[in-house]
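Notes to accompany the following structure.
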Amino acid sequence: MHTRAIGKCCINATALGARMSQATFFIRKKSITMKKRNELFCLSKEQIACIFILLLFVILTIVSSNQDINTDNAVLYDINEGWIDEDGQAVDLYELAPGSHLATLDISKLNADGKAICFKSIDTNFKVYASETLIYEYDPVIPRHLGISYGMQYHTIAIPDGTSIIRLYIEPVFSNTQAVIRDIAISEAGQYMTGVFKRNLFSFGQGATTIIIGFLFVIAGITGQIVMKSTGIDFISFGITCVMIGFVGFNDTLLLQVLTDRPDIIRVTEYMCLVFIPYPMLSFFYSTTGETKSKLLTGMFIVCLSNCIIQIGMTLGRVSDYFYLVYYSQAIILIAFLIALVLVLKAMRKGRIKQTLLTSVVCGLFACLIGAVIDMLRFHFFQSYGSLTFTRLGVQLFTAFMGIYLYMDHIDSLKKKEKESAIFASEIAEAFAKVIDMKDTYTNGHSERVAKYTAMIAKEMGYDDETVEKYYRIGLLHDVGKVGIPNSVLNKPGKLTAEEYDVIKSHTLKGYEVLKDISVVPELAVGALGHHERHDGKGYPNGLSGDDIPPVARIIAVADAFDAMYSDRQYRKRMDFDKVLSIIREVSGTQLNPEVVDAFFRLVDKGEIKAE
């Protein structure tokens with residue numbers, strides 16, 4: 001059943017082709033993006049499978065291995081007990097009274113040949129004697145601007161063969177304070193240091209992870225200014241905060257102290273990190289809560305800078321030392337946390353922050369605050385000497401929460417863009433449909449009506465919403481090939497000749513040529529090509545029949561036939577509604593697909609398609 005269009009040509013095919021080329025570019029670009037995304041997803045599944053198999057193999061290997069294989073049998077003697085002072089009284093090196101001490105240990109019964117006396121000192125100078133011979137002295141000369149103490153350091157001191165007595169003279173760096181010696185033992189130096197790093201591996205991993213995360217956020221902030229503007233999050237400040245906290249955390253492992261042999265420099269650098277941490281931390285919270293840069297943030301920078309200058313000045317003047325002044329830095333950090341908490345509560349009250357971001361920030365802030373408080377309590381009451389294990393854990397939880405937020409925000413952004421793209425594609429298709437129908441005032445609105453009926457029938461047949469929406473767009477463009485039909489033929493008021501009818505039929509092929517390169521919706525071309533195929537195989541252009549006709553083309557054929565008969569044409573008025581239904585029922589199984597016709601009549605019975 002063929003429909004003809006009559007009217008004036010309002011737009012030429014060249015202009016339409018240019019517009020369709022723009023739409024084709026947009027849709028093709030989206031198709032490439034979706035294709036790449038699908039390829040990345042498949043690749044990710046393969047990578048996950050490889051990692052899972054590798055981890056499974058490692059776990060099975062560990063479980064099935066012999067625990068006694070490759071055991072290090074080197075001897076390590078814990079020598080904290082057995083020390084005596086000058087008066088012959090027992091001395092506990094881990095619980096010394098303030099001031100200097102001389103302690104002696106008899107090692108004649110120990111196999112100490114080829115081994116070393118190993119321990120950790122904390123702000124303590126010392127001398128080691130083998131019998132009466134001085135074999136080691138640690139009293140580092142520290143530049144005045146670095147303060148008095150050196151912090152912490154590990155020592156491995158070779159014991160001369162035949163040594164029976166070890167004397168240890170220890171003196172605290174700060175007068176009237178306790179000299180601190182820890183982890184003292186006689187062992188092979190390499191084995192001892194290996195044990196040290198094994199014990200501190202977790203802390204080292206925490207610090208390294210925090211620093212790496214920080215650098216990643218800084219890089220993201222520097223290279224992704226557009227992302228920063230769209231999310232409103234100051235990644236650079238957050239990254240700098242993570243790097244500082246991670247570096248301070250290396251104090252636990254003593255890795256940098258041992259490698260550089262300059263624990264004093266590492267110590268002062270860590271203290272300076274604590275001095276400046278409040279500013280980038282607070283700057284980050286200002287960005288996440290939507291606050292503009294204020295005098296309070298500027299004031300925090302001034303406070304941090306003043307704290308730095310004061311600490312350096314008091315240390316240079318020997319009025320105090322960074323060791324004691326660290327309390328002020330910790331107090332300022334707590335104040336910054338409280339200000340950040342106020343900012344978050346204010347943003348909550350004003351509704352200026354996304355719910356997902358709010359949840360991430362609150363949870364992360366709480367984790368960091370609890371971690372910092374625990375570490376401060378450990379420092380003041382349990383002599384943890386700057387251990388930031390829980391603070392780093394809190395920061396890592398914070399970064400995890402922020403990572404979750406960024407992932408969710410990215411997913412929401414992709415969904416929003418996909419929705420906008422779908423809307424844009426629909427609007428472009430509708431615009432093109434109007435341009436097509438403008439070639440014929442008598443069939444104006446035909447494409448839109450066919451698209452509407454196509455969507456209704458597809459939904460009635462059980463297709464999902466995405467497919468229904470896709471079929472709607474295909475229906476809009478099913479007659480796009482008519483723009484290539486000469487107006488003298490398309491708008492001829494009288495009967496068409498056989499040659500003219502062949503020209504009219506070519507609109508299916510012309511429509512296919514226009515739409516075939518839009519790969520994101522290949523059915524666009526299929527709908528334009530096949531909507532005049534017949535169920536009995538007598539249609540055009542390819543004479544397809546039955547299930548060989550694409551599903552969308554079968555549906556459009558019914559919608560097109562109905563609208564062609566139930567709309568006004570130049571050579572006739574529209575048919576009676578019941579007459580149209582009678583004809584459709586009559587050609588079911590010959591011209592039209594019976595399943596689609598059944599769905600069409602179900603819509604009629606429901607009153608969704610009815611006489612106007």
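Note that the CD1 atom of I79 and the CG atom of L168 stand 8.5 Å from one another [nearest 0.5 Å]. The CD1 atom of I219 lies 11.0 Å from the CD1 atom of I236; values are rounded to the nearest 0.5 Å. Annotation: the span from C304 atom SG to M281 atom CE amounts to 8.5 Å, rounded to 0.5 Å. How far OG1 of T156 is from CD of E188: 12.0 Å, rounded to the nearest 0.5 Å. In this structure, I245 CD1 and I277 CD1 are separated by 4.5 Å, a value rounded to the nearest 0.5 Å. Note that the CD1 atom of I165 and the OG1 atom of T133 stand 12.5 Å from one another [nearest 0.5 Å].
For the pair V91 and L96, the minimum side-chain heavy-atom distance is below 4.5 Å. Inter-residue side-chain proximity for T210 and F247 is flagged as unmet; no heavy-atom pair is nearer than 4.5 Å. When side chains are defined from C-beta on, R318 counts as touching I148, because their heavy atoms get closer than 4.5 Å. The shortest side-chain heavy-atom distance between R167 and E132 falls under the 4.5 Å cut-off. No side-chain heavy atom of M314 sits less than 4.5 Å from a side-chain heavy atom of Y324. Contact of the Y154 side chain with the C118 side chain is not registered, since no non-hydrogen atoms from C-beta on lie closer than 4.5 Å. At least one side-chain heavy atom of T124 sits less than 4.5 Å from a side-chain heavy atom of Y150. Looking only at side-chain heavy atoms (C-beta outward), V303 and Y279 stay at 4.5 Å or farther from each other.
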**Request:** Applying side-chain contact (heavy atoms from CB on, under 4.5 Å), run through C363 and L397 and close with a yes or a no.
**Result:** CA-CA 8 Å; C363 293; L397 288 174; over 6 Å; no
**Request:** Just do the side-chain contact (heavy atoms from CB on, under 4.5 Å) check on Q311 and M272 with the steps written out, would you?
**Result:** CA-CA 9 Å; Q311 291 201 25; M272 287 298 104; 4.2 Å; yes
**Asked** Can you list the steps and then say if I184 with L93 is a side-chain contact (heavy atoms from CB on, under 4.5 Å)?
**Response** CA-CA 9 Å; I184 189 166; L93 294 183; 3.7 Å; yes
**Prompt:** Can Y322 and I312 be said to form a side-chain contact (heavy atoms from CB on, under 4.5 Å), step by step?
**Reply:** CA-CA 8 Å; Y322 299 115; I312 294 174; 3.7 Å; yes
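Here F126 and F119 bring their ring centres to under 6.0 angstrom of each other.
Side-chain atoms of D106 come within 3.5 Å of backbone atoms of S108 as a donor-acceptor pair (strictly under, hydrogens ignored). Within the 3.5 Å criterion, the main-chain N or O of G162 finds a donor-acceptor partner in the side chain of D113. Proximity of a side-chain donor or acceptor of Y328 to a complementary backbone N or O of V275 within less than 3.5 Å is not detected.
Remark: D464 CG is packed, more than 12 non-hydrogen atoms of other residues, nucleotides or ligands lying under 6.0 Å away. Annotation for F174: atom CZ counts as buried by contact number, over 12 foreign heavy atoms lying within 6.0 Å. Within 6.0 Å of OH in Y138 there are more than 12 heavy atoms belonging to other residues, nucleotides or ligands. Surrounding CG of N176 are at most 12 heavy atoms belonging to other residues, nucleotides or ligands under 6.0 Å away.
Listed by chain and number, the residues in a side chain to side chain contact (heavy atoms under 4.5 Å, CB included) with V326 are Y271, L274, Q330, F379 (sequence neighbours excluded). Scored by the side chain to side chain contact (heavy atoms under 4.5 Å, CB included) test, I339 finds L282, L296, M300, I335, L343 as partners (sequence neighbours excluded).
Across every non-hydrogen atom of Q257 and E270, the tightest pair is NE2-OE2, 4.3 Å. A pairwise comparison of heavy atoms in R144 and G317 identifies NH2-C, 4.3 Å as the closest pair. Residues S121 and H155 share a closest heavy-atom pair of OG-NE2, 2.7 Å. Nearest heavy-atom pair, C242 versus G214, reported as atom, atom and distance to 0.1 Å: CB-CA, 3.5 Å. Across all their heavy atoms, E137 and K127 have their closest contact at OE2-CE, 3.3 Å. Shown here for P280 and S237, the closest heavy-atom pair between the two residues is O-CB, 3.3 Å.
With F238 as the fixed residue, the ring pair (Phe, Tyr, Trp, His ring centres under 6.0 Å) test singles out one of F285, F217, Y286: F217.
Counting only N and O atoms by type, the side chains of Y192 and D183 include no donor and acceptor under 3.5 Å apart.
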